[in-house]
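Every chain is numbered from 1 and lettered A, B, ... according to where its sequence line falls, protein lines coming before strand lines. Since we're looking at a predicted model, the values are computed, not measured.
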There are 2 protein chains.
Amino acid sequence: MLSSSRSSPIFGPRASDPAPSAHDRVYRGLRSRIMFGQIAPGEALTLRGIGREFDVSMTPAREAVQRLVAEGALSMSASGRVSTPELSNERIEELAALRALLEVELSSRALPRAHMALIERLQTINSTISDVVANRDAVGYIRANLEFHRTLYLRAQAPAMLAMAETVWLQLGPTMRALYTRLRRSEAPHYHRLIIAALKAGDEPGLRLAVRSDVTQGLRMLVV
Amino acid sequence: MLSSSRSSPIFGPRASDPAPSAHDRVYRGLRSRIMFGQIAPGEALTLRGIGREFDVSMTPAREAVQRLVAEGALSMSASGRVSTPELSNERIEELAALRALLEVELSSRALPRAHMALIERLQTINSTISDVVANRDAVGYIRANLEFHRTLYLRAQAPAMLAMAETVWLQLGPTMRALYTRLRRSEAPHYHRLIIAALKAGDEPGLRLAVRSDVTQGLRMLVV
DNA sequence: CATCGGGCCATGTGATCACAAACCGTGGCC
DNA sequence: GGCCACGGTTTGTGATCACATGGCCCGATG
C-alpha cells in the first residue's frame, strides 16, 4: 500500500497491467471491498474461504491478508484469525484527525496546480454523488466520495502522502458504511461545493477549512 | 506496521511474548535493520538468503518481505526482486514534510501529558545520543534519536498516528544512514534541547517549531 | 574490441501437505 | 438449569516442491 513501486490502481485496474500476480489480484479485491464498506465491522475472514472465492491457493490469500493486516485494514487475533476491525471511538477520532491533517495538506498542495479541467472533473464526480445518494447506494456513495478526494489530491504530486491518506480511508472503510447509511440525503455534497468554490477562487484558507470540515463532519456524527 | 493488533516492540522485543511466529521474527529483524540504517540504499535481498539467515523456509521470509514492501520499506521490481529503495530527492522532501506534519501534531498532543518523569527520560536518551555520536556510531545514533522521538510521541496516546510516523522513519531508514555519517558532531542534540526546554515551559508554539526544525534540519542537508 | 545471443543458474510464485492449536457443539455432571 | 470437559472439525503456520521467468556470464561473431 504505502508506495509500492508498482502503480496503484485503486479505482479499477489499469488497461494494460501485463500479468497481475495472484496475490495482487486478491489484495486488490479485498482492499476495494474493505475501503468501500462492503464488509461489516467485525466480520471474519478465512484464508481457505478467500482462496476459494478468488480461485487461488492459501499462499496468495495469506500474503494479501498479511498485507492488509499490516495496513490496519484487517485485524488479526493472537491465534491468527482475521476479521475487519471494530474501531473504538478514540480510534475513529484519531483517524479523523489524521484525515484532516493529511488531506488539508494535500489539498493545499494541489491548489496551485488545480486548473479548470480538474475542477470540471470534480463537478462531474459531484453530480455522480448526488445520483448515487438519491439511490441510497452506500457503497457507491463511499466510492464516489473517495474518488472526489483522490482526484483532487492526485494534483498535489505527493504520492507518499496520498498513500497514507488512502491507508486511513482503508482503516475507516468498514466503519464508513455504518456512517453513510444513516446519512441525511440533502447534505451530502455540501462541503464538496465549498471545496470547488475555494479552488475556483484560489482561496487557500477557505480550501483548508472546507476540506477539514468535509473530512471531519461525517466522522463526528459517528462517535455518538 | 500500521496498527497491527499485536503489540509492536520496535526497540527490542517485550519480555514475555509467548510464541513469536517465524514470519514475525523475520519481519522485526529486517525492520530494525532497515529503520536503523544497517542496510544501504539499493541493496538487494533474496528470499532464500533471508530464509537461511533467519533459519526459516521461504514462506515466512516471503510474508515478511511482502509486508515491508507494503510499508514502503523495501521496493520490489516488476520481476519480484526486492531491494531497499533509493529515494529521489522529491521523495525525501515529501517524507520530510510528512515527518514534520505528523510529528509536530504528535508532540503537540503529548505536551499536556508530559510530566517530569518523561522529561528526565528524554534527557537520559539525549545524553546517550551525545555518547554515541562521540563514537561515530551511525546506527546507534539513529536508534537513539528515534527512541527520543518515540518516547515523546508515546505520550500523545495516538497509536495510529505514531504508527504512521514510524512508517515514515522506516522508509527513510536506508537513506538516513547516508545522512548521519556526514553529520557534524557538535550540532547533534541541539534541537532536542529546544524540545525539552519547550516541554518544560509548556510552550506549545515553541515545541512545534523545535520539532519541525529537528525533523527537517537533517533531511534538508541530504537533498543536495 | 565491442556487441549480440544462448544457455545455465538463481530467484520468485503458487500449490500442496503435515501439524498444532483454536473453536464450537455436544453431552454429562453438579 | 447452568457450567464444564471433551472430541471433531476448522483454521493458521511453515516446509517443500514444481515451474516459469529473469539475470548473468561467456563465448562467438562482425
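Ion pair Glu103(A)/Arg150(A) not flagged as a salt bridge, since none of the NZ, NE, NH1 or NH2 atoms sits closer than 4.0 Å to an Asp/Glu carboxylate oxygen. In this structure, Arg143(B) does not pair ionically with Glu147(B), as no charged nitrogen and carboxylate oxygen lie closer than 4.0 Å. A salt bridge is absent between Glu53(A) and Arg25(A); no separation between the charged side-chain nitrogens and carboxylate oxygens falls under 4.0 Å.
For Ser79(A), a side-chain nitrogen or oxygen approaches OP1 or OP2 of dC23(C) to under 4.0 Å. For His23(A) and dG14(C), the shortest distance from a side-chain N or O to OP1 or OP2 is below 4.0 Å. Contact between the side-chain N/O atoms of Ser57(A) and the OP1/OP2 oxygens of dA15(C) is found at a separation under 4.0 Å.
Within the 4.0 angstrom heavy-atom criterion, base atoms lie near Arg62(B). When heavy atoms are screened at a 4.0 angstrom cut-off, Ile50(B) is found touching no nucleic acid atom at all. Among the protein residues, Thr59(A) comes within range of the nucleic acid bases, having at least one heavy atom under 4.0 Å from a base atom.
One can place CE of Met76(B) at 14 Å from P of dG23(D), the figure rounded to the nearest angstrom. Distance CD (Glu63(A)) to P (dG14(C)): 7 Å, rounded to an integer number of Å. Counting to the nearest Å, the P atom of dG12(C) and the CZ atom of Arg52(B) are 11 Å from each other. With rounding to whole Å, Leu47(A) atom CG is found 13 Å from dA15(C) atom P. Taking atom CE on Met58(B) and atom P on dC17(D), their separation rounds to 12 Å, with Å as the unit. We find that CG of Leu74(A) is positioned 12 Å from P of dG12(D), with the value rounded to whole Å.
Taking the six-membered ring where the residue is Trp, Trp169(A) and Tyr153(A) present tilted rings, their angle falling between 30° and 60°.
A donor-acceptor contact under 3.5 angstrom links the side-chain atoms of Arg48(A) to the base of dG12(D).
Of the two residues near DNA chain C, Val56(A) and Arg81(A), the one whose nearest nucleotide lies more 5' is Val56(A).
The side chain of Pro60(A) has dG14(C) as its nearest neighbour among dA15(D), dG14(C), dG12(D).
Here Tyr27(A) and His23(A) keep their ring centres 6.0 angstrom or further from each other.
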